[in-house]
Amino acid sequence: MTTTSMETRDLATGQVGSDATPRQIDQCLSEWRKYNEQGLKVFPLVRGAKHPGNFGIKWGEDWIKKDRNPIELLDIYETGTYGLWLATGQCSKRVVLDIDSIEAETHWRPIIGEAIYDVTLRATSGRVKNDFAGYHLHFRIREDDHREWKGHSGEDGSATGAYDFRGDGGGVVLPPSIHETGRQYAWVEGTRLMDAPDVLRKEVVEGAAKRGRIKQPQFAAKNMKWWERAMLPSDDPGRGNNNLMSVIGGIAKTFVEKGLSYEVALAVASSYEGASDDPQSWDLVQARLTHYWEVEEQKQKAHRSQFDPETGYLTPSKEGVGYVTLANNMKGGEEEVQFGNFWIQATSVHSVDGRTTWVVDLTHKDGTVYRDVELDHETLSSTQALRRWLAGYRCSLFFTNDRDQRGPAGIRLQNLLLSQNPVNCRIVDRLGWDDQARAFITYEGAIMGDLINPGAGVRPNRNLEKDGQVHHFYGFRPEEETREVLREVLTFQEPTYASVFAAWYVAGIVKGLLMPVTSMFPILMTEAPAESGKTKGFPSLMYQLSGSRERESGTKSAPAFRDSMAAHRGAPVWVDDSETVEALKENLRQVPVEGYAVKMGENRTTQVKRKLTAPVLISAEGIAMVHQEKAIKDRSVLLNTPDARGRMSLKDPTRPQWDDILDLQAKYPDGLSVMAGRLVQMALRHAPGHIAEFKDLRGGSGRHADKMAILRVGARILADITQDPSHIGRVDAWAGEQVDTGAENALTFKVIPAALKLIGLKDKPVRIDRAPHHGVPTPVLHRPGTEEATPALWVHFGFLAQWWEKNTFGRVAERTETESALRMQGQVLGMKGKKAGKQGDDWMQVRVQGDSSRSLYQRLPDEVTERVIALLETEYAEEEPGDGKTRLTPSQVEAIGRM
C-alpha cells in the first residue's frame, strides 16, 4: 500500500473520542471508505477511548459478527465518528509494530534490517514521551500466509524497550484520528508497505529470548561489503536479520546486473543462511530474495533505458570521467561494461566530398579539456585507429569488441556525437582571409566587403586565443569615423614613411587575395635609433587598427612568435627584439612565401606542420645588418624610421604632437581595434580592382618587382579608404628609388660589410694578432677612386673565410659562409680570377707583410662596391705611422657594439 502523506497538525486539545468537528467527521468518513477498498477492517472509535467498544463486536473474541462488514457501521454511526481503529491480523492482512521508546527502536531496527525498517509504512501521532516520538510500523501479511500472528510486547527497562506488536485480536488507531495530545495521526511521507518478516512472530521472538541469541550485528561493521558479511563465521553474533538482508540484497543486485539466473542466486542465499548456527526459515530467505530481485530488475530496467541506440548505447559513468555501454556476455545476456575514461562533446561537424570531420572538446580523466580537437571519419571507422587517436591525448578506449551486435566502438561514438546536435561549421586554425569561405574570418564573424556574417559556417579555433597566439578584436565603428581616425594616425609620422608603412599594413589585410598573383609577401623591417618612437605612437596605433588588443609587440619567446605567424592571415606579427629575430631566421625565410614550420603536436607525441601566413613587422635595433643577409633581403623591405621626437601638433603648432597621440588614445580607451573590423571591410571592398592591376604595377620581374608592386597596390587601397590620393604618389616615388640588388648574397650583404665595419677601409693587407683582425691578413682591401679610376673593393676569399670563422667563434653557415660558398657567390656576381680575368682589372696579387709569396685578391663589381660603401657610411681611416695600431672610426666602434 502506498499512501499520500498527511502533515501532523494541531487541532483543538481533547481526548480521542471527544466531540468531533464536522470537518474531522468528514475526514474520517472519507478515509474509512478508502481503507475499506483496500480490504482493511476499520471501526469507529468509542468516544474517549482507543478501541471500538461494542460496535457490533465483542472484545477479545471474534471481532466481527457473522455476515457483517464494519463499513456498514459507517451509516449507523455516521454522526458519532470520533476516529478510526484498524483490526489487525489475518482479518485485515495487516500487523503493526508500535514503537514507544528509543530502546525499542534500537532493538528492532537491526533485527528487521535497516534497509526494510527505515522505509516501512509509518504512522505517527506526533506524541513525544521521554524525548522520543513514537510511531507505528505497518506490515503486510502475504496472501499465501494463513498462519496466526499473535501479539506480544516489551516493557520499559527491559532489553527490548517499550513496544507493542499488534496481530490477530489486536488493533491500532489510524490516521486521521486525533490523539489525546490534540495532534492528528498521519502517514509519514516516503514510506511504503512491506511484507511482514518472520522475526516479528511471537514464537520467533520467544525462541530467541530463551536461547539468549537476539541477533544484532555486534561485530558486522556498517561499511562492510555484502560479500564480506557473507563470510562471517557461522556462530558470529553479527549474522542477524540485518546482515541477512544486506547479503540477500547484494546477491540480488550483483546477479541481476550480470544477467545471472534467479535460481542460482536463491541457491547462494540459502546456502549462506543455512550455514548459520541459528538460520532463518527458507521461506523468509526466498521471500526476501524475491522482493530484492524485483527491486533490482526495476532499477536495471530504468538504468538500461539510458543506453539509447541514438547515443550509441553510451551513458556517462557514475564514477569519475568516462562512459559505460552495453555488451553481450558469455551467458547470452547483456551487461554493463566500461567504454572509455574520457568525455567527448561535439561542437561542430563538417562534411565535404565524402569526408567528415568532427570538432570536439575532449575531457581527460584528470579534468584537462582539449578544445577544438579534430576527429575524422577514418579514425572512427577503425577501432585501432580510434585507440591510437585517444592515446595521443592520454585517454583510453576499453571497449574493443567489434563483433558486438550493437556495433563497434567507432560507430557508437559517432552516434553519440550525432545525438549532441553539433552545428555544421568548419573550424580553421587561423584568423584572417580564408580562401574557401572567401571571407576574412574573425571571432566576431566572417567579414566580407559589404557585410559581416556571424553564421558563415566557419569559425576560428578557440585555442588560438586561449594559447595566446592571437589577441584580436574586430569592432565596427561607422565608416566615416574609421576613415577620420586613420587619416589622423597617418599624420603622426613623416609623410613618406607613414604612407609606405600604411600601404604595407593595408596590403597585409588583403594578403590572402594577393598571394595568388605574387611570389611572396615581404617582411617590413624598420630601422631607427633607440627612443626615436619606432615602437610608440604611430606604429602602436597602426598595430591596433589591424585588430590587436595589445598596444606593443610585447615579450614573447621565439616559438610563441612562430605560433603567432601561423595564427593569422591578415594582421601583422610584430617582433621588436634582435635576439628573437636571430632565433626566428629559418621561420623568417618561410613566412613571406607562406611556407611551413614544424612543431610538437598538442598530444606531445606527434609533429604538426603549420603554415606561416601572417605579415611580419620587425622593428629591432640594428635590423639593417640582418636585412643584408641574402635570404632575408630578398624577402623583406627596409624602411628607415624618421625620428619622431620634436614633431609638433598639426592642430596646434605650439603643442608637441605627442599630445595629439595621447588625446586619441584617451578617446578610445579600449584601443583602436574597435574599428578594425570596419577597416577590414573597407579594404576588402576596394582591393579587387587594384589587385587586377598587379602585373602592370610590377614593372619588372623577380622578387624585388613583386615587393614593390605589393606596396603600390596597398597604397592605392589606402588612397581609396582615406580618400587621399597623395599616398599613391609618395609610395610610387619611394618604390622607384629602391635598388634591385639581384644576385647579391651573403658575401656582399653580410660578410664583406662586417669586415669593413670592424677592420676599416685598408689599401694594403696587414696581419695583427688581436681583434678585430684575429691574426688573419686583411681580407678586403679598398682602393679609393681617382680621376682615372673608380673606387674598388678587392677580396681574398681564403682570408675572408678564416676571418669570418674567428670573428663568429666558429658559428659559420655551411651553405653561405664557408670559403667555397663565398667563392661561388663571387662567381655569381661576375668576379674573375687568373684564368678568366685580366690582371689589374679583375684580380691582383699583393704581398702580405712577412710573407714570401703574394696573395690573390679579386675585384668586386663596381656597382656592388658603390652600394656596399654607401651603406657603410664610413670614411677611409689611415693607420697612424709608427704606432702599429689601427684606428677605428666612430661608426666602426658603434658597429662592433652591435655585432
Any chance you could measure [X], atom [atom1], to [Y], atom [atom2], to the nearest 0.5 Å?
X    : Y    : atom1 : atom2 : value
I344 : L375 : CD1   : CG    : 5.5 Å
I116 : R192 : CD1   : CZ    : 9.5 Å
L193 : Q38  : CG    : CD    : 9.0 Å
L289 : L266 : CG    : CG    : 5.5 Å
E114 : I111 : CD    : CD1   : 12.0 Å
I112 : T120 : CD1   : OG1   : 6.5 Å

Side chain of [X], backbone of [Y]: donor and acceptor closer than 3.5 Å?
X    : Y    : answer
S271 : V268 : no
T368 : H364 : no
N341 : S396 : yes
W343 : G322 : yes
S101 : G161 : no
S92  : T88  : no
T106 : I102 : yes
T160 : A104 : no
S276 : E273 : no
D168 : Q90  : yes

Notebook entry, point to check: Step by step, would you call F307 with Y313 a ring-ring contact (aromatic ring centres under 6.0 Å, His included)?
Noted result: CA-CA 4 Å; F307 295 98; Y313 301 97; 8.0 Å; no

[Y] and [X], any side-chain heavy atoms less than 4.5 Å apart:
X    : Y    : value
Q184 : S177 : no
L84  : P176 : yes
L137 : L121 : no
Y135 : E105 : yes
L97  : R166 : no
W227 : V247 : no

Note to self: Does Y35 form a side chain to side chain contact (heavy atoms under 4.5 Å, CB included) with L174? I'd like the steps, not just the answer.
What the structure shows: CA-CA 10 Å; Y35 291 143; L174 285 175; 3.6 Å; yes

Can a side-chain donor-acceptor contact be found between [Y] and [X] if the only test is distance below 3.5 angstrom?
X    : Y    : answer
Y262 : T290 : yes
N328 : R403 : no
R412 : T325 : yes
W282 : Q286 : no
Y163 : E103 : no
Y185 : H136 : no
R94  : H138 : yes

Item checked: Near-ring test W108/Y117, centroid separation under 6.0 angstrom ->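 No, ring centres 6.0 Å or more apart.
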
Please determine whether a side-chain nitrogen of the Lys or Arg among [X] and [Y] lies less than 4.0 Å from a carboxylate oxygen of the Asp or Glu.
X    : Y    : result
K93  : D145 : no
D198 : R288 : no
K34  : E31  : yes
D195 : R140 : yes

Note to self: I'd like to know whether I248 forms a side chain to side chain contact (heavy atoms under 4.5 Å, CB included) with Y272, so could you lay out the CA-CA distance, the side-chain angles of the two residues, the decisive distance to 0.1 Å, and finally the verdict.
What the structure shows: CA-CA 9 Å; I248 291 179; Y272 159 76; 5.9 Å; no

Note to self: Could you go through R394 and D366, starting from their C-alpha distance and side-chain angles, then the distance that decides it, and tell me whether this counts as side chain to side chain contact (heavy atoms under 4.5 Å, CB included)?
What the structure shows: CA-CA 10 Å; R394 301 179 296 119; D366 65 5; 3.7 Å; yes

Minimum heavy-atom distance [X]-[Y], with the two atoms named:
X    : Y    : answer
V205 : H152 : CG2-CE1, 3.9 Å
V360 : A346 : CG1-CA, 4.0 Å
T383 : P408 : OG1-CB, 4.3 Å

Next item on the list: Compute both the distance and the angle, then confirm whether R201 meets the cation-pi test with W149: under 6.0 Å from the six-membered ring centre, within 45 degrees of the axis.
Entry: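 Flagged: R201 positioned over aromatic ring of W149.
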
Note to self: Could you walk me through whether I251 and W293 satisfy the side chain to side chain contact (heavy atoms under 4.5 Å, CB included) test, starting with their C-alpha distance in whole Å, then the side-chain angles of each, then the deciding distance to 0.1 Å, before giving a yes or no?
What the structure shows: CA-CA 9 Å; I251 291 172; W293 193 272; 5.8 Å; no

